[in-house]
Participant: 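Take this structure first; my questions come after.
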Amino acid sequence: MNSDLPSTPLLRVQGLNYRYPSGLEALREVTFTMGKGERVGLVGPSGAGKSTLLLHLNGLLPERLPRLRDASVYLNDEPVTAATVDSIRRLVGLLFQNPEDQLFCPTVEEDVAFGPEQLGLSALQIQERVDRALETANVTALRSRPVSQLSYGQKKRACLAGLFACEPLMLALDEPFTGLDPRSRNQLVDLLLRENRTLLVATHDLDIVVRMCDRVLLIDNGKLVADGATAELLGNTELMDQHGLEVPLQLKLQD
Ligand code: ADP
């Protein structure tokens, strides 16, 4: 990142520490920023703290949100605190690992409309957003279908439509490609690339990171251990080895 840029970063995480109520220290002094339009891969071995970090971005953790002076996460310079969390949640669209945790209305259309309905928009504005989001996520044909009858990949796309409908400033995606067949995975990558949004994507699929992201954050044991350009970072065999990861095939083939 160019730290000389005068503009405010879209996301600033500053010295973020988090310990689960069980006592487990899941994040230690995590610090980074993200600018508008960046697509960043969040990688690391299982249990590194990726999901925990994403949950912090829209105030789902900690259990008791901080006061202003203790804030560690800022969106557009607005700290995530107990007082701001409701408005902040509108800024970050968080895709949960498991779509079952995200979908709760009977039909796709109702689910996609739920977010906009909370934003105080008119019925027409809600309908326009829902139509647009269904189209963008390629689920228009499924709009009247019961959520419970969708395939796993269709559920993921329905979840994304729900996020798009809220028009967040950024998307934080937790393992969006896990459980998808290769075709659905490619469709999802294409859809996300077409949309040109600010993205933070936690994934084990490092080949997709090479395809989608210019920059990577590597997290291990709760610490951010590297932050750099995708090819350079994921192509570093020693670094990958140290953190239980493998250089993605595409980068190996380039050698
Ligand atoms: P990742 O997403 O990188 O796999 P997580 O953020 O899920 O990692 O987990 C980070 C650490 O926090 C792990 O050691 C995990 O076991 C622990 N952890 C995750 N959720 C909880 C929880 N609800 N209570 C206690 N520990 C948890």
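Counting starts at 1 for both ligands and their atoms, in listed order. No experiment lies behind these values; they were computed from the predicted model shown.
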Participant: Using modelled atom types only, decide if a donor and an acceptor are shared between the side chain of Lys156 and the backbone of Gln97 within a distance under 3.5 Å.
Facilitator: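 It does hold such a pair.
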
Participant: Where do Gln127 and Asp131 land on the side-chain hydrogen bond (donor to acceptor under 3.5 Å, both in side chains) test, with the steps shown first?
Facilitator: CA-CA 6 Å; Gln127 196 55 56; Asp131 289 347; 3.1 Å; yes

Participant: Check step by step if salt bridge (charged side-chain N to carboxylate O under 4.0 Å, His left out) holds for Lys252 and Asp207.
Facilitator: CA-CA 11 Å; Lys252 278 186 190 158; Asp207 279 296; over 6 Å; no

Participant: Decide side-chain hydrogen bond (donor to acceptor under 3.5 Å, both in side chains) for Tyr20 and Thr52; before the verdict, give the C-alpha distance in whole Å, the side-chain angles of both, and the deciding distance to 0.1 Å.
Facilitator: CA-CA 9 Å; Tyr20 277 103; Thr52 307; 2.9 Å; yes

Participant: Are Val13 and Ile88 grouped together when hydrophobic residues (ILVMFWY) are joined by side-chain heavy atoms under 4.5 angstrom apart?
Facilitator: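 Linked within one cluster.
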
Participant: So which residues, sorted by chain and number, lie with a heavy atom under 4.0 Å of ligand 1?
Facilitator: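 Residues near ligand 1: Tyr20, Ser22, Leu24, Ala26, Pro45, Ser46, Gly47, Ala48, Gly49, Lys50, Ser51, Thr52.
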
Participant: Decide whether a cation-pi geometry holds between Arg12 and Tyr74; the criteria are a distance under 6.0 Å from NZ or CZ to the six-membered ring centre and an angle within 45° of the ring axis.
Facilitator: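 Yes; both conditions hold, so Arg12 lies above the ring face of Tyr74.
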
